[in-house]
Amino acid sequence: MATIIDGKAVAQTVRGEVARGVTAFRAEFGRAPGLHVILAGDDPASAVYVRNKEKAAVEVGMDGKVHRLPASVGEDALLGLVRELDADERVDGILVQLPLPKGLDGARVVQAVLPEKDVDGLHVQSAGALWSGRPGLVPCTPRGCLRLLDHAGIKLEGARAVVVGRSPLVGKPVAALLLDRNATVTLAHSKSRDLAAICREADVLVAAVGRRGLIRAEFVKPGAAVIDVGTNRDEAGKLCGDVDFAAVEPIAGAITPVPGGVGPMTIAMLLENTLIAARARATAARQGRG
Ligand code: NAP
């Protein structure tokens, strides 16, 4: 029987910490951290994600705004808005909700965000900083995975870690963070041969693929910590991960459920990133003046 890692509870704790951090920031700098989200188009899933982010930011006392734009918005207008937010002193974090509507180059728009306001951690400068061990903002979901492993008391130093999935959003930054914590990391992907044998080596197994039930019992070493990032739907439309939970849970030492595992951590980490960005910017501004 595995320990079930309760992401909802950990996320709640983080949100409480951020709320206290916002109060302290306000007392020190005379304003609240500002998070601005750009939502272009009418993708229903994106609309829900953005509404949840907006609500969470208000709950912890942050300022900010959701900039809702029609799907017909041109790339120049979108880039113009990003540059306006880049230049606005009260804006600490800018998040471009992806995917953008057809015809808009999401990567190009994200690169227009100032790295110090890149609270999604997707700018190439943020990614470069992460892999070079330099300070920078780190993508939210990967930070959430590490926070859950720490919460569960999983020893990372010297551990064999396998990350399945190599996207710039999840797999690669998770691998970088695990490496930074002295795990021995393997990144597996759709072309990996004998995925089950690779995964079975893992003391820490992170699944970030988007394929329901990909990780079965024979993929898991007894006692391993299993972090399931995947968000999929079953035939009944129920949310489920990449891990066959019922088969893996009796073998694993610790496991995140879906829902209630990694998912709630993503917004909590976005709030934390915004507070980190706000503190860094406000401190630099004060030093610049002093
Ligand atoms: P992605 O960009 O589609 O990347 C998926 C990765 O999985 C790719 O590297 C792909 O390999 C690999 N892959 C696909 N099929 C595979 C297979 N059969 N065996 C091994 N590897 C395989 O997805 P993503 O953005 O990283 O997201 C991954 C999952 O996490 C999705 O379900 C997404 O919804 C979820 N997610 C959840 C949260 C959250 O807050 N909970 C946040 C972000 C993402 P190749 O590179 O070779 O194509």
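In listed order, ligands and their atoms are each counted from 1. Remember, predicted model here, so these are calculated numbers, not experimental data.
Of all protein heavy atoms, the one lying nearest to atom 42 (C) of ligand 1 is T141 OG1, 3.3 Å. For atom 25 (O) of ligand 1, the nearest non-hydrogen atom of the protein is L169 CD2, 3.6 Å. Atom 17 (C) of ligand 1 has its closest protein heavy atom at S190 CA, 4.1 Å. Atom 8 (C) of ligand 1 has R166 N, 4.0 Å as its closest protein atom, hydrogens excluded (heavy atom only). Here the heavy atom of the protein found nearest to atom 1 (P) of ligand 1 is S167 CB, 4.1 Å. When hydrogens are left out, the protein atom nearest atom 34 (O) of ligand 1 is T231 OG1, 2.5 Å; that is the closest non-hydrogen contact.
Within the listing of ligand 1, atoms 6 (C), 7 (O), 9 (O) sit less than 4.0 angstrom from a heavy atom of G165. Of all atoms in ligand 1, numbered sequentially from 1 with element shown, those under 4.0 Å from a heavy atom of V164 are 20 (C), 21 (N). Counting atoms of ligand 1 from 1 in the listed order, those under 4.0 Å from a heavy atom of L195 are 19 (N), 20 (C). Counting atoms of ligand 1 from 1 in the listed order, those under 4.0 Å from a heavy atom of V229 are 30 (O), 35 (C), 36 (N), 37 (C), 41 (N). Ligand 1 places these atoms under 4.0 Å from at least one heavy atom of G210: 29 (C), 31 (C), 32 (O). For ligand 1, the atoms lying closer than 4.0 Å to a non-hydrogen atom of V170 are 26 (O), 43 (C), 44 (C).
The main-chain N or O of I94 is never found under 3.5 Å from a side-chain atom of D118 such that the two would form a donor-acceptor pair. Formation of a donor-acceptor pair under 3.5 Å by the N232 side chain with backbone atoms of G241 is found in this model. A donor-acceptor pair under 3.5 Å is formed between the side chain of S167 and the backbone N or O of V170.
Salt-bridge check for E54 with K65: failed, with every basic side-chain N at 4.0 Å or more from each acidic carboxylate O. Using a 4.0 Å cut-off between a side-chain N of Lys or Arg and a carboxylate O of Asp or Glu, E201 and K221 do not qualify as a salt bridge. Ion pair E272/R147 flagged as a salt bridge, since at least one NZ, NE, NH1 or NH2 atom sits closer than 4.0 Å to an Asp/Glu carboxylate oxygen. Using a 4.0 Å cut-off between charged side-chain N and carboxylate O, R281 and D92 make a salt bridge. Using a cutoff of 4.0 Å between basic side-chain nitrogens and carboxylate oxygens, D6 and K8 are not scored as salt-bridged. A salt bridge is defined here as a Lys NZ or Arg NE, NH1 or NH2 lying under 4.0 Å from an Asp or Glu carboxylate O, and R15 with E59 meets this definition.
The side chain of T266, and not its backbone, has at least one atom closer than 4.0 Å to an atom of ligand 1 (non-hydrogen atoms only; side chain from C-beta on).
The side-chain contact (heavy atoms from CB on, under 4.5 Å) test with I5 singles out one residue from I255, V226, L148, D228, and that residue is L148.
Proximity of I227 to L205: side-chain heavy atoms (C-beta onward) are nowhere separated by under 4.5 Å. At a threshold of 4.5 Å between non-hydrogen side-chain atoms, the residues R200 and F219 do not count as touching.
Comparing V209, L270, L98 by heavy-atom distance to atom 5 (C) of ligand 1, the nearest is V209. Of the candidates K191, R212, H189, M269, H189 brings a heavy atom nearest to atom 20 (C) of ligand 1.
Residue contacts with ligand 1 do not include S192, since none of its heavy atoms lies under 4.0 Å from the ligand. Put simply, part of G230 is less than 4.0 Å from ligand 1, judged by heavy atoms. Residue contact annotation: A208 has a non-hydrogen atom under 4.0 Å from ligand 1.
For ligand 1, the polar-atom distance check finds an N/O of R211 within less than 3.5 Å of one of the ligand's N/O atoms.
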